[in-house]
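For clarity, every value in this text was computed on a predicted model and none was experimentally measured.
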Amino acid sequence: GHITAETLMSILRDKASGICVDAEGLCTAGSMVSVLPRDPALPCVHFFTATPDPSRSVFKPFVFVAGVKPVPQVRSPTFLQDPAKQVPRFQSSVDRRHELYRRHQAALQLMEQDPERGQRLLETLQELEKQGLQGMKELLE
């Protein structure tokens, strides 16, 4: 049939199938859906969650271009005294979560503690995702 980016996003969010996991200490890692046009003149558009549990994440559009600058909110922090680079290694730990992941965790906590507000937040996220999908369609037309 006709598989769209939305179709693939819904598959990655399917908990009943076991594709989307958020229980028993194991969680689905960040998810990605790519739209690869047949016309080589058109850009490929990639949608990343950059956060776990796609059922409660938003897929964000990204187009790779020359000179792209990383968004600071999705870059893990760096440390002058990084335990991974000291000898002996890993004698201490640091918080490597990027800002988007921290905010995602706060949103999940809200969804669990205040389901009504959490549902409104999820609806807002889903609306932002729809805007990204619409932007992709306009870019590729």
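Considering CE of Met9 and CZ of Phe47, their distance stands at 4.5 Å, rounded to 0.5 Å. Phe59 contributes atom CZ, which lies 5.5 Å from atom OG1 of Thr49 (distance to the nearest 0.5 angstrom). Distance CG/Leu100 to CZ/Arg102: 11.0 Å, rounded to 0.5 Å. To the nearest 0.5 Å, atom CG of residue Leu42 and atom CG of residue Leu36 are 11.5 Å apart. Atom-to-atom distance recorded for Ser31:OG and Leu8:CG is 11.0 Å, nearest 0.5 angstrom. The CD atom of Glu129 lies 13.0 Å from the OG1 atom of Thr124; values are rounded to the nearest 0.5 Å.
Closest approach of Val94 to Phe79, counting heavy atoms only: CG2-CE1, 3.4 Å. Considering every non-hydrogen atom in both Lys15 and Ser55, the closest pair reads CE-OG, 3.0 Å. The two atoms that bring Ala50 and Val74 nearest to each other are CB-CG1, 4.3 Å, heavy atoms only. Between Leu140 and Pro43 the shortest heavy-atom distance is CD2-O, 3.4 Å.
Residues Leu133 and Glu6 are in side-chain contact: their nearest non-hydrogen atoms beyond the backbone lie under 4.5 Å apart. Contact check for Met32 versus Phe48: side-chain heavy atoms found under the 4.5 Å cut-off.
Environment of CZ in Arg97: crowded, with over 12 heavy atoms of neighbouring residues, nucleotides or ligands closer than 6.0 Å. Within 6.0 Å of CZ in Arg96 there are more than 12 heavy atoms belonging to other residues, nucleotides or ligands. Other residues, nucleotides and ligands place no more than 12 heavy atoms under 6.0 Å from the NZ atom of Lys130.
Here the side chain of Ser57 pairs a donor or acceptor atom with the backbone of Pro52 at under 3.5 angstrom. Between the Lys85 side chain and the Pro83 main chain, no donor and acceptor come within less than 3.5 Å of each other. A donor-acceptor pair under 3.5 Å is formed between the side chain of Arg89 and the backbone N or O of Ala84.
The hydrophobic clustering, which links ILVMFWY residues whose side-chain heavy atoms are closer than 4.5 Å, places Val68 and Val71 apart. Cluster membership check: Val58 does not share its hydrophobic cluster with Phe62, using side-chain heavy-atom separations under 4.5 Å among Ile, Leu, Val, Met, Phe, Trp and Tyr. Met136 and Leu12 fall within a single hydrophobic cluster, where Ile, Leu, Val, Met, Phe, Trp and Tyr are joined by side-chain heavy atoms under 4.5 Å apart, directly or via other members.
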Would you please test Asp114 and Arg120 for salt bridge (charged side-chain N to carboxylate O under 4.0 Å, His left out) and show each step? CA-CA 10 Å; Asp114 188 341; Arg120 286 196 309 266; over 6 Å; no

How far apart are the C-alpha atoms of Arg56 and Asp53, what are their side-chain angles, what is the distance that settles it, and do they pass the side chain to side chain contact (heavy atoms under 4.5 Å, CB included) test? CA-CA 6 Å; Arg56 299 188 287 182; Asp53 190 356; 2.9 Å; yes

If you apply the rule side chain to side chain contact (heavy atoms under 4.5 Å, CB included), what do you find for Val63 with Cys44, and how did you get there? CA-CA 6 Å; Val63 176; Cys44 297; over 6 Å; no

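Ser76 and His98 share no donor-acceptor pair across their side chains, judged by distance under 3.5 Å alone. A donor-acceptor contact closer than 3.5 angstrom is absent between the side chains of Gln91 and Gln86. Between the side chains of Gln119 and Glu123, a donor-acceptor pair is found at a separation under 3.5 Å. Defined by atom type and a distance below 3.5 Å, a donor-acceptor pair is missing between the side-chain atoms of Gln73 and Arg103. Of the N and O atoms on the side chains of Thr7 and Ser10, not one donor lies less than 3.5 Å from an acceptor on the other residue.
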